[in-house]
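Here's the structure, in structure tokens; my notes come after.
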Amino acid sequence: MDAEKKRRILTAADQLGYRPNALAASLQGAGSNLVAIFVGEMPNHYDKEVAAALVNGLNAAGKWPIVIGGAGDTAKSAIQNVLRYPLEAMILRSGSLDADVVSSCLKLGIPVISSGRIVEGPAVDNICVRNREAMAMMTEHLINQGRRKFAYLSGPDTFWSTHERYLGFEETVKEHRLEPCSKLYGDYSVMGRFNAIQLHPDLANMDALVCANDAMALGALMYLKSKSISVPGEIAVTGFDDISMAEWPNVELTTLRNPIEALVKGTIDLLMARAADP
């Protein structure tokens, strides 16, 4: 086709508002650029920040993200429906997920990237912070600061990171011949932690509260402030993730960084590598 004829065709297409059907093109061998992200219920701010960064990163890489949220049968139905499209990959961001999600993708030849937890399986790539080692470092830091009476605020058992983070804490206090004075439970949200700490029978029997994420640590800070308990004077409070609110002047939370930029870059690198070499 000569240049002038091509120019006239493109001009006419633009005037008519015509756009090529990308899904039809994908059936002829072209990549669809569609990437699904299963984000679950996103109970805390870190998950929301990661989801937003992933969408932006995929857009910059020329991909079209389809975000699926929720839990239970609603989420399962949404996933099964989106699998009808020619996806280049499925990114799993939810800490609590059904093994059927992975199985369904692999049966259709859709690569899976698990971001934030480890999932074993063929054609499954994993990218995850070292939860256990990181929480051990935080606990060691508190011990070196002279803290000896620990309480731990854990998240829901259905999340993979919950077990890993608690192991890092538990192993470290035991290495120093210490015992946690109590283990509390929250739901990884700010109010979940605020409500959980109200049930603690004896705040005087702790000088350090290790929280499994920043949102719950913020809830703990709110409650302790309402009781006029000095932080970190009387009780040190620590988090995990380093969400944007952690550095607010009236918060200044001691926390562990779960780097979003590195997570997003690593996820997209895995996506590109899998596309180049399935």
Atom [atom1] of residue position [X] - does it have more than 12 heavy atoms of other residues, nucleotides or ligands inside 6.0 Å?
X	atom1	value
M272	CE	yes
R130	CZ	no
D73	CG	no
H176	NE2	yes
E234	CD	yes
E261	CD	no
K265	NZ	no

I need the [X] [atom1] to [Y] [atom2] distance, nearest 0.5 Å.
X	Y	atom1	atom2	answer
R147	M206	CZ	CE	12.0 Å
D187	F159	CG	CZ	9.0 Å
E133	E171	CD	CD	9.0 Å
D214	S244	CG	OG	9.5 Å
L263	I268	CG	CD1	10.0 Å
I118	S161	CD1	OG	11.5 Å

Where the side chain of [X] meets the backbone of [Y], is there a donor-acceptor pair that is under 3.5 Å apart?
X	Y	result
R257	D241	no
D242	T255	no
T162	P156	yes
T139	T172	no

Under a 4.5 Å cut-off applied to non-hydrogen side-chain atoms, are [X] and [Y] in contact?
X	Y	value
L256	V129	no
P65	L54	no
R165	N213	yes
I91	L58	yes
V124	L92	no
V67	R93	no
K76	S104	no
M138	F240	no

* List the steps, then state whether side chain to side chain contact (heavy atoms under 4.5 Å, CB included) holds for R274 with E88. => CA-CA 9 Å; R274 181 64 71 173; E88 290 193 359; over 6 Å; no
Shared hydrophobic cluster, [X] / [Y] (ILVMFWY, side-chain heavy atoms < 4.5 Å):
X	Y	answer
I243	V210	no
M137	M135	no
L270	V50	yes
L184	Y152	no
Y185	Y166	no

* To do: Could you walk me through whether S114 and W160 pass side chain to side chain contact (heavy atoms under 4.5 Å, CB included), step by step?
  => CA-CA 12 Å; S114 180; W160 183 82; over 6 Å; no
Atom of [X], atom of [Y] and distance for their closest heavy-atom approach:
X	Y	result
I143	R148	O-NH1, 2.9 Å
G239	A217	CA-CB, 3.9 Å
A89	L271	CB-CD1, 3.3 Å
A78	I68	CB-CG2, 3.7 Å
A212	Y188	CB-CE2, 3.8 Å
C128	G116	SG-O, 3.4 Å

* side chain to side chain contact (heavy atoms under 4.5 Å, CB included) between L87 and L108, worked out -> CA-CA 10 Å; L87 300 178; L108 294 170; over 6 Å; no
* To do: Please test L34 against I66 for side chain to side chain contact (heavy atoms under 4.5 Å, CB included), starting from the C-alpha separation and ending with a verdict.
  => CA-CA 7 Å; L34 293 174; I66 302 174; 4.1 Å; yes
* Is it the case that Y46 and N258 place a side-chain donor and acceptor less than 3.5 Å from each other? -> yes
* Residues N56 and N59: side-chain donor-acceptor under 3.5 angstrom -> no
* To do: Please name the residue in the list I37, I127, N126, V264 that meets the side chain to side chain contact (heavy atoms under 4.5 Å, CB included) test with S115.
  => I127
* Asked: Is there a salt bridge (charged side-chain N to carboxylate O under 4.0 Å, His left out) between D157 and K183 once you walk through the steps?
  -> CA-CA 13 Å; D157 289 336; K183 182 179 181 182; 5.4 Å; no
